[in-house]
Amino acid sequence: MEAQALVPLLLTLAVPVLVLLAISQLLDSRTRQQRSRRPLQTTPLKNVVINDPAVVRRMLIDHADAFSNRPKAAFPENFGGTHSINSVPYGPTWRALRGNLIAGIFHPTRLGVLAPLQREAVEGLVAGLSSSITGRRCSAEAVVVRDHLHAAVFMLVARMCLGDEVGERDVHTLEREVGSFILTFVKDSALAGSMSARLLHWRRWRRYSGMFSRLSKLILPIIAARQRRSQHGNGGIRCYVDSLLDLRVPNNDADVGTAAATTTGSKRPLTDREMVRLVFEFLGANTVSVVSCVEWTLAHLVIRPEVQEKLHHEITSGSHGDLISEDRLRSLPYLRATILESLRLHPPVSVILRNVDAHDLAAFGGRAPPAPANDGGTQRVCLVVINVGKVSRNRSMWTDPDEFRPERFLAGGEAEGVGPVAGPKEIRMLPFGAGRRYCPGVEVAMIHVGYFLAALVRDFEWALPVDGHSIDLTEKHSFFMVMKTPLRARVTPRHHAC
Ligand code: HEM
């Protein structure tokens with residue numbers, strides 16, 4: 001095309017872009033002005049970053065009342081317009097939602113019911129990995145394990161959530177939607193804060209904004225089918241959706257988070273939007289965290305073959321090749337120590353956030369950011385950021401904190417008795433949080449990581465790829481802290497000579 005002919009074309013393209021940018025700048029500056037006119041209560045002040053384990057304990061345990069709320073997530077506004085357990089303020093609705101998850105689904109007496117689903121997921125993973133290795137010359141080629149793991153864990157979690165009859169096609173579509181949101185949204189979360197960023201990247205923003213309605217279209221018919229089956233008495237294993245259908249939450253939203261709220265007030269069923277949001281939370285919280293923990297642990301087992309052999313020995317001795325049961329998992333101290341050491345070094349949730357009243361922060365001895373001149377004594381909100389990884393690598397609490405050394409969690413080791421949930425007296429690590437909002441999925445997460453890891457170590461040997469690639473332990477922070485470069489390892493079946 002001639003240069004002269006390009007000019008009108010470029011002008012045609014450039015003018016709308018410039019107009020859009022001008023409008024967005026105007027909207028941004030108006031939003032900023034409006035923000036500055038708003039009362040201070042709603043404006044978060046500076047972040048306060050905490051790395052000291054003793055301060056974390058005082059905040060989350062001793063001053064739990066003040067440290068029980070998280071900031072609002074930077075989701076698109078139309079992301080259901082409703083709360084999940086994670087985002088709902090401390091109060092009766094939070095108690096109802098969290099109590100339902102813990103008592104209705106994750107209660108220790110119920111976990112045994114999930115065993116068939118867990119066994120099928122683990123067998124599916126081993127079969128899938130074996131068939132991807134078959135045909136490769138003596139498994140000289142390296143395998144990327146993350147996708148296999150993600151598919152197996154997601155299938156398990158989807159069946160726990162939506163019922164064991166949920167269709168494979170629906171599960172794969174959900175896996176794609178939820179997975180892509182979790183892995184990309186945080187990277188793009190700046191989009192949530194600025195109108196101009198949203199306009200410039202409108203395609204991506206439209207994709208995020210449209211996600212809730214896409215999820216609803218997928219999830220609501222599954223819930224309706226599940227409800228029909230349960231009504232006819234053939235619901236199979238009770239799933240999370242069954243418990244949500246039976247759940248009643250406080251009727252009056254004004255109750256949420258208020259100290260005066262009573263749990264005896266009128267109750268209502270969940271709306272469709274609330275159900276979709278809670279299902280999304282269940283699928284999201286349950287999957288990448290577990291996958292990430294198994295992947296980090298395998299990476300260390302590749303780097304440290306002697307730890308791998310010790311673990312293999314513990315898993316196989318006396319088992320006669322039986323399937324691993326929950327009871328057996330509990331009797332494998334080295335497996336537990338290995339998982340804890342992995343969580344200490346690579347907590348999948350790397351920061352814990354709390355929204356805190358500045359006066360409360362000052363009252364318990366924390367340093368509140370300086371008050372602006374026009375404060376007038378109004379309530380101000382600080383964002384407290386607890387750096388989970390820094391707490392569990394604290395030099396005053398751990399010997400050689402950057403070393404992968406599972407033995408420290410065994411009897412006689414420096415961390416004997418330290419578990420996944422931080423105790424009330426001392427916090428040395430907090431991969432599942434602490435205080436009122438600690439992770440309600442901790443038990444099931446430890447069991448799932450144990451199941452998958454034990455099967456992968458029992459049935460395969462994990463080694464460095466022969467092409468000279470080493471293992472890259474660089475971290476990548478999205479919703480979860482994952483390996484930046486997915487683990488590639490030489491995987492050899494233990495029972496087949498090649
Ligand atoms: C290795 C796996 C997992 C890790 C490392 C993990 C970690 C965490 C952490 C650090 C928190 C924040 C705690 C706090 O603020 O004090 C949290 C909260 C939460 N987790 Fe997990 N989690 C895992 C698995 C799960 C599973 C399997 C579920 C099941 C649905 C789950 C559901 C939740 C929920 C609902 C919350 C919010 C709790 C509340 O606000 O009351 N997580 N998790």
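Basis for what follows: all heavy atoms, side chains included, without hydrogens, waters or symmetry-related copies. Each ligand, and each atom within it, is numbered from 1 in the order the structure gives.
A search for side chain to side chain donor-acceptor pair (under 3.5 Å) contacts involving Arg354 returns nothing, not counting sequence neighbours. Here Arg428 pairs with nothing under the side chain to side chain donor-acceptor pair (under 3.5 Å) rule; sequence neighbours left out. Applying the side-chain contact (heavy atoms from CB on, under 4.5 Å) test to Val449 and every residue at least two apart in sequence or in another chain returns Val290, Cys293, Val294, Ile339.
Taking every heavy atom of Pro348 and a limit of under 4.0 angstrom, the matching atoms of ligand 1 come to 5 (C). Interface atoms of ligand 1 facing Ala434, defined by a heavy-atom separation under 4.0 Å, are 16 (O). Listed by number with element, the atoms of ligand 1 under 4.0 angstrom from any heavy atom of Arg98 are 38 (C), 39 (C), 41 (O). Heavy-atom contacts of Val444 reach the following atoms of ligand 1: 27 (C) (cutoff under 4.0 Å). Shown in contact with Asn286 at under 4.0 Å from a heavy atom are these atoms of ligand 1, numbered in order with element: 26 (C), 27 (C), 29 (C), 30 (C). Listed by number with element, the atoms of ligand 1 under 4.0 Å from a non-hydrogen atom of Trp94 are 39 (C), 40 (O), 41 (O).
Between Arg408 and Glu341 there is a salt bridge, with a side-chain nitrogen of the basic residue lying less than 4.0 Å from a carboxylate oxygen of the acidic one. The residues Glu407 and Arg405 are annotated as not salt-bridged, no charged nitrogen and carboxylate oxygen being separated by less than 4.0 angstrom.
Protein N/O/S atoms found under 2.8 Å from atom 21 (Fe) of ligand 1, listed by chain and residue number: Cys439 SG.
Scanning all protein heavy atoms for the shortest distance to atom 10 (C) of ligand 1 gives Pro431 O, 3.3 Å. Residue, atom and distance of the protein heavy atom nearest to atom 12 (C) of ligand 1 are Arg70 NH2, 3.6 Å. The protein heavy-atom contact nearest to atom 13 (C) of ligand 1 is Arg437 O, 3.2 Å. Looking from atom 29 (C) of ligand 1 to the surrounding protein, the closest heavy atom is Phe106 CE1, 3.4 Å.
Between the side chains of Ser87 and His83, at least one donor N or O lies within less than 3.5 Å of an accepting N or O. Donor-acceptor pairing under 3.5 Å is recorded for the side chains of His477 and Ser350. Between the side chains of Arg436 and Ser68, at least one donor N or O sits under 3.5 Å from an acceptor N or O.
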Carefully, step by step, assess Thr474 and Asp472 under the rule side chain to side chain donor-acceptor pair (under 3.5 Å). CA-CA 6 Å; Thr474 312; Asp472 177 5; 2.4 Å; yes

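Which of Arg354, Glu443, Arg436 comes nearest to atom 15 (O) of ligand 1 through a heavy atom is settled by distance: it is Arg354.
Note: Tyr90 and Trp94 have tilted aromatic rings, judged against thresholds of 30 and 60 degrees for the angle between ring planes.
Heavy atoms only, all atoms of each residue included: Asn86 and Arg70 are closest at O-NH1, 2.8 Å.
Under the 6.0 Å distance and 45° angle rule, Arg393 does not count as a cation-pi partner of Phe404.
For a threshold of 3.5 Å applied to N or O pairs, the pair formed by Glu281 and ligand 1 contains no separation below that value.
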